[in-house]
Student: 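One structure, pasted below without further comment.
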Amino acid sequence: MSCTVAVVGATGLVGRAMLRILEERAFPAERVRALASPRSVGTRLPFRGAELEVEEACDANFEGVHIALFSAGAGPSRSLAPAAAARGAVVIDNSSAWRMDDAVPLVVPEVNPEAAHVRPRGIIANPNCSTIQMVVALKPLHDLATIEHIVVSTYQAASGKGQDAVADLEAQLRTLARGERPVPTVFPGPLAGNLLCDWKAGAEDYSEEELKMVNETRKILGDASLGVSPTTVRVPVVTGHSESVFVRFARPLGAPEAKDALRRAPGVTLLDEPYAPGRHPQPIDCAGRDDVFVGRVREDLAVKGALNLWIVSDNLRKGAALNAVQIAELLVAR
Ligand SMILES: NC(=O)c1ccc[n+]([C@@H]2O[C@H](COP(=O)([O-])OP(=O)(O)OC[C@H]3O[C@@H](n4cnc5c(N)ncnc54)[C@H](OP(=O)(O)O)[C@@H]3O)[C@@H](O)[C@H]2O)c1
């Protein structure tokens, strides 16, 4: 099937990554349209050796679009995605707007690809970046031994909050290098030389970001009672989210069996080095790459049969744009 694809939010960090990935993977689109807010109309974006001229993201511009990749935030997704779907487009949405809607599948192609084909609203949701990399790494272990409880702490990059957040971190790093205290413009406090828990409040003293990890992991793995205990933290890294994950299973799972499954898992690169300083997945190496990198697979010292892992991936690629393009590939493969 050859089709017309619209990228909504094409001028943003995720939208630009979507255009790069559509091009890299030679996605079979006859036409690609770049849409954004009225502020960006007329901006030119490089694509397939030429340029796309940015058009306004409005209802009429979804006419004739087969697949609409949205990454413009939850507000535009709520207002524009139904209009795009009503015109016949399948919407693949990166925002949090539709993820927990029962009539919207939440899809990670390595984990639950079949869900993409049941979409009563014509909308498919892309999970939160931290959830995607965690479930890609944990699915092969879940298949082996059934996960009962996950304890996850995240170390999330500034680019997860968009391009203004990256500019803020870069300015803060320059200020810090001059020996002055950084003055934040996007983050609620200094991030350079610091760590933040900068998400909106959720419920019961958890942040929204933490509750996304709980609810989205349960929805994707199809287990509403799965235990997920999250702490989400922003770190002064530009791109690449990292996660420290403890997992307890229904039966004991040893590190050799887990590593064997991870070695064969789609979308996973196992870095199977014995412990030595510096020999582990790192955001600086994983940025710009497609896989989820898993290392430091250890049997827990206190809980028999449980494991500890270190999981790193590029939040703009597998955490957002690549996952969305892979979902689009599932659609055109049918
Ligand atoms: N960054 C990540 O790692 C990540 C991961 C997963 C999901 N996401 C989600 O992806 C979305 C975009 O993130 P980002 O990091 O790319 O943000 P960003 O760099 O700030 O870009 C935002 C994009 O949305 C567009 N936009 C904003 N308001 C709009 C409106 N009213 N109508 C149409 N377009 C509008 C902007 O267009 P203008 O340039 O015209 O303002 C820009 O193209 C968010 O929903 C975010 O939660 C991000």
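For ligands, and for the atoms within them, numbers begin at 1 and follow the listed sequence. In what follows, every heavy atom counts, from backbone to side chain, and hydrogens, waters and symmetry copies are set aside.
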Student: As an exercise, identify every atom of ligand 1 less than 4.0 angstrom from a heavy atom of Ser40.
Tutor: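 Reading through ligand 1 atom by atom, the close ones are 38 (P), 39 (O), 40 (O).
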Student: Counting only heavy atoms not in Ile284 (residues, nucleotides, ligands), do more than 12 fall under 6.0 Å from its CD1?
Tutor: no
Student: Going by heavy atoms, is Leu316 under 4.0 Å from ligand 1?
Tutor: yes
Student: Which residue and non-hydrogen atom of the protein lie closest to atom 5 (C) of ligand 1, and at what distance in Å?
Tutor: Ala320 CB, 3.5 Å
Student: What's the shortest distance from atom 39 (O) of ligand 1 to any protein heavy atom, and which residue and atom give it?
Tutor: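 Closest protein heavy atom to atom 39 (O) of ligand 1: Thr11 OG1, 2.5 Å.
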Student: Please identify which atoms of ligand 1 are closer than 4.0 Å to at least one heavy atom of Gly73.
Tutor: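 Per the distance check, 11 (C), 44 (C), 45 (O).
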Student: Taking atom 26 (N) of ligand 1 as the point of reference, which of Ala97, Ser159, Ala72 owns the nearest heavy atom?
Tutor: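 Answer by nearest heavy atom: Ala72.
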Student: Please indicate whether any nitrogen or oxygen in Gly12 is less than 3.5 Å from any nitrogen or oxygen in ligand 1.
Tutor: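 Min N/O separation from ligand 1 is below 3.5 Å for Gly12.
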Student: Please tell me if atom 41 (O) of ligand 1 is touched by the protein, where touching means a protein heavy-atom distance below 4.0 Å.
Tutor: yes
Student: Polar-atom distance check: Ala36 versus ligand 1, any N or O pair below 3.5 Å?
Tutor: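 By distance alone, the answer is no.
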Student: Can you tell me if CZ on Arg48 sees more than 12 non-hydrogen neighbours from other groups inside 6.0 Å?
Tutor: yes
Student: Under 3.5 Å, N or O to N or O, is Ala57 touching ligand 1 that way?
Tutor: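 In this structure, Ala57 places no N or O atom under 3.5 Å from an N or O of ligand 1.
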Student: Looking only at protein heavy atoms, which one is nearest to atom 23 (C) of ligand 1, and how far off is it?
Tutor: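 The closest heavy atom on the protein side is Ser71 O, 3.8 Å.
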Student: Quick one: closest heavy-atom pair of Leu13 and Gly162, and the distance?
Tutor: CD1-C, 3.5 Å
Student: Starting from Val237, can I reach Leu316 by hopping between I/L/V/M/F/W/Y residues whose side chains sit under 4.5 Å apart?
Tutor: no
Student: Which option wins on minimum heavy-atom distance to atom 9 (C) of ligand 1: Leu45, Thr43, Asn94?
Tutor: Asn94
Student: What residue and atom, counting heavy atoms only, is the protein's closest point to atom 17 (O) of ligand 1, and at what distance?
Tutor: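 For atom 17 (O) of ligand 1, the nearest protein heavy atom is Gly162 CA, 3.7 Å.
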Student: Do any nitrogen or oxygen atoms of Leu13 come within less than 3.5 Å of a nitrogen or oxygen of ligand 1?
Tutor: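 Yes - when backbone and side-chain N and O of Leu13 are compared with those of ligand 1, one distance drops under 3.5 Å.
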Student: Who's the nearest protein heavy-atom neighbour of atom 34 (N) of ligand 1, and how far?
Tutor: Ser37 N, 3.3 Å
Student: How about Met18 and Asn94: do any of their side-chain heavy atoms sit closer than 4.5 Å?
Tutor: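 Answer yes - side chains close enough.
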Student: For Gly9, take its heavy atoms, then give the atoms of ligand 1 lying under 4.0 Å from any of them.
Tutor: 23 (C), 24 (O), 25 (C), 43 (O)
Student: Determine whether the side chain, the backbone, both or neither of Ser95 has a heavy atom under 4.0 Å from any heavy atom of ligand 1.
Tutor: both
Student: So does Phe27 have more than 12 non-hydrogen atoms from other groups sitting under 6.0 Å from CZ?
Tutor: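 Counting other residues, nucleotides and ligands, CZ of Phe27 exceeds 12 neighbours.
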Student: Could you identify the single nearest non-hydrogen protein atom to atom 14 (P) of ligand 1 and state the distance to 0.1 Å?
Tutor: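 Answer for atom 14 (P) of ligand 1: Val14 CG2, 3.9 Å.
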Student: Considering the heavy atoms of Gly319, write down every atom of ligand 1 situated less than 4.0 Å from one of them.
Tutor: 5 (C), 6 (C)
Student: When you compare the side chains of Gln156 and Asn315, does any donor N or O come within less than 3.5 Å of an acceptor on the partner?
Tutor: no
Student: Are Trp199 and Met134 connected into the same hydrophobic cluster when the rule is that any two of I, L, V, M, F, W, Y join if their side-chain heavy atoms are below 4.5 Å apart?
Tutor: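 Not linked; separate clusters.
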Student: Under 4.0 Å from ligand 1, counting heavy atoms only, is it the side chain of Arg39, its backbone, both or neither?
Tutor: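 For Arg39, only side-chain atoms sit under 4.0 Å from ligand 1.
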Student: Who's the nearest protein heavy-atom neighbour of atom 3 (O) of ligand 1, and how far?
Tutor: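 Here the nearest protein heavy atom works out to Asn315 ND2, 3.0 Å.
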Student: For salt bridge (Lys or Arg N to Asp or Glu O under 4.0 Å), just list the numbers for Glu216 and Arg99, CA-CA rounded to whole Å, side-chain angles, deciding distance to a tenth of an Å, and then say yes or no.
Tutor: CA-CA 7 Å; Glu216 294 179 21; Arg99 290 179 190 151; 3.1 Å; yes
Student: What protein heavy atom sits nearest atom 30 (C) of ligand 1, and how far away is it?
Tutor: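 Residue, atom and distance for the closest contact: Pro76 CG, 3.5 Å.
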Student: Only one of Asn323, Asp291, Asp290 passes side-chain hydrogen bond (donor to acceptor under 3.5 Å, both in side chains) with Arg317; say which it is.
Tutor: Asp290
Student: Going hydrophobic residue to hydrophobic residue with side-chain gaps under 4.5 angstrom, can you get from Trp98 over to Met213?
Tutor: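 In one cluster with Trp98: Met213, no.
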Student: Are any of the N/O atoms on Lys161, whether in the backbone or the side chain, positioned under 3.5 angstrom from an N/O atom of ligand 1?
Tutor: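 Between Lys161 and ligand 1 (N or O atoms, distance only) the closest approach is not under 3.5 Å.
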Student: Can Glu209 and Arg234 be said to form a salt bridge (Lys or Arg N to Asp or Glu O under 4.0 Å), step by step?
Tutor: CA-CA 11 Å; Glu209 188 81 356; Arg234 186 80 66 187; 6.0 Å; no
Student: Of Val152, Val247, Leu270, which is the lone residue that meets side chain to side chain contact (heavy atoms under 4.5 Å, CB included) with Leu309?
Tutor: Val247
Student: Strictly inside 4.0 angstrom of atom 46 (C) of ligand 1, do you find any protein heavy atom?
Tutor: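 Within 4.0 Å: no protein heavy atom nearby.
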Student: Output, in order, the C-alpha distance, side-chain angles, deciding distance and verdict of salt bridge (Lys or Arg N to Asp or Glu O under 4.0 Å) for Lys161 and Asp198.
Tutor: CA-CA 10 Å; Lys161 205 176 168 90; Asp198 71 331; 3.4 Å; yes
